[in-house]
Amino acid sequence: MSLVDLLIRQALLQSERTAVFSGATPYASYRQWAARSAGLAQVMRHAGLEPGDRVLLFIRNHPRYLEVLWAAWWAGLVVVPVNAKLHSREVEWIADNAQARWAFVTSDVAPTPLAGLERQIDIESVEADALFVPVHDAMTVPVTPRELGDLAWLFYTSGTTGRPKGVMLTHRNLITMGLTYFVDVDLVSNTDTIVYGAPMSHGAGLYAIPHVMAGARHAVPASGGVDPVELFALGHAIGPLSTFAAPTIVKRLVDHAQDHGISAEDSARSFKTIVYGGAPMYLTDIQRALRVMGSRFVQIYGQGETPMVATALSRQQLGDTSHTRYLERLASVGVAQTPVQVRVTNEDGQDLPLGTVGEVLVKGDTVMTGYWRDPPASALAIRDGWLFTGDVGCLDGDGFLTLKDRSKDLIISGGSNIYPREVEEALLTFPGIAEVAVVGAPNPEWGEVVVAFVVLQAGVHLQQSELDQHCLAQIARFKRPKHYYFINSLPKNNYGKVLKTSLRETAHLTATVKSCASS
Ligand code: AMP
């Protein structure tokens, strides 16, 4: 059993239904998709690629992404999808680390040949047209046998703390992740459509798996990215879309709906379900999202090491406004998803009392088998079968997990722990603030002090003293930022996550020259 069986099943069951759309234009039926993937698999095996070999995908979102994924699995290979915004030097590092043999690219992201690969194929080239030739009958192309425990996807972490690591994900990990979607995230029918706005190298691409399981439709926007105008129109044209989006992308969709007077009913014509996760969603933002776009949100918390599956906050929980702890739940990441257990422990792995903040641990069939060629890091990350996520949070009596921060983002000032997220939540309740990120800056007296990077809404002017007063009214005195940087936008990676490392560097560099607010 492997991921290939999912596609074969749909190719048999509903062979002529459109499976893939390029924008609003039908691109391939399930039969054509399987036939192209099988054809490419045959080419790769004939060219000498062996089961378990790695192929790199350095491609912007594209309908052929799906064909390459399943072709690789058909041929028994392991995919290494990488972020299309990486620098070619970074990709070469990953290709070398993964010992990838071939790379599939688009020329916009890889204009020049990458070093160290045997073959690089531009999926939009004439060369590729010859490789993606559909076989007459996909069922005649043997699937290279794979066990559930075999490697399917090497998922390189974003490397915010040093070099990226290759998370080893097996067919079992990904099939479990796919099945979990139906229990903890959403029911899917074959008339539903998943749209790939966020990068397919990450969570959005992983969600292709449950949507193949359900025989649903897959749409790649013509722009290959998130353009709210395009997505709202695409949903109207081909039926309501489901999508995975980081909170920053959700915000752009909500802004668009609000600015253009699109009602919640109209939003429902464009979007069935918006799954958000990958970074903190602030209370004020999700409240506005629910108000503007209606009840179509589900939150997931996961990480590459347990892809898309740690906890989830369901549509029903997000809408249960009469619950006595509704706001706490809204600010949480929900409860453990069905195939995993979640604990909060101290550094020694001992359980902490409810409500006490500690490291989040996850155990279950979605958890990676380890990091590629890195036994020491694997042994540190997985102990007694438990994944140490590096995230810090606490559980309540009903099993709801509230994340505080990544442990490395914690600020220690004068010996007290400060969770940036709490300060960020407080600042975001001040009118006129569009976005905010809080980090620690070195300070000779306190060890670290809190500094805030603030993006103001257009036309808004603020004094540092106003924010200072606001914080004094909301949070403990020692938690309030000692300095504010007013900037035009927060630095973010391709997945929409705020790059706190780069903010810390800025804060570090200027810590000595900027004056701090008096304590
Ligand atoms: P990645 O491995 O790139 O997917 O990043 C995973 C990290 O993103 C997690 O370890 C968390 O720190 C963060 N993250 C993921 N989902 C959420 C969420 N729903 N809320 C807050 N942070 C999240």
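Counting starts at 1 for both ligands and their atoms, following the listed order.
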side-chain contact (heavy atoms from CB on, under 4.5 Å) with Leu428: which residues, sequence neighbours excluded?
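side-chain contact (heavy atoms from CB on, under 4.5 Å) check on Leu428 returns Tyr282, Thr284, Ile433, Val436.
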Taking any residue with a non-hydrogen atom under 4.0 angstrom from an atom of ligand 1, which ones do you get?
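Residues near ligand 1: His202, Gly277, Gly278, Ala279, Pro280, Gln299, Ile300, Tyr301, Gly302, Gln303, Gly304, Val333, Asp391, Leu403, Arg406, Lys497.
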Could you tell me whether a side-chain N or O of Lys251 sits under 3.5 Å from a main-chain N or O of Ala434, the two making a donor and an acceptor?
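Checked: pair present.
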Closer than 3.5 angstrom, by distance alone: can the side chain of Asn61 be matched with the main-chain N or O of Val220 as a donor-acceptor pair?
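Between the backbone of Val220 and the side chain of Asn61 there is no qualifying donor-acceptor contact (under 3.5 Å).
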Parallel, tilted or perpendicular, judged at 30° and 60°: which one describes the rings of Trp73 and His171?
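Perpendicular, since the angle between the ring planes exceeds 60°.
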Before we go on, tell me: are the rings of His202 and Phe155 under 6.0 Å apart, centre to centre?
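Centroid separation for His202 and Phe155: below 6.0 Å.
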Looking at Glu424 and Arg421, does any basic side-chain N land under 4.0 Å from a carboxylate oxygen?
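No.
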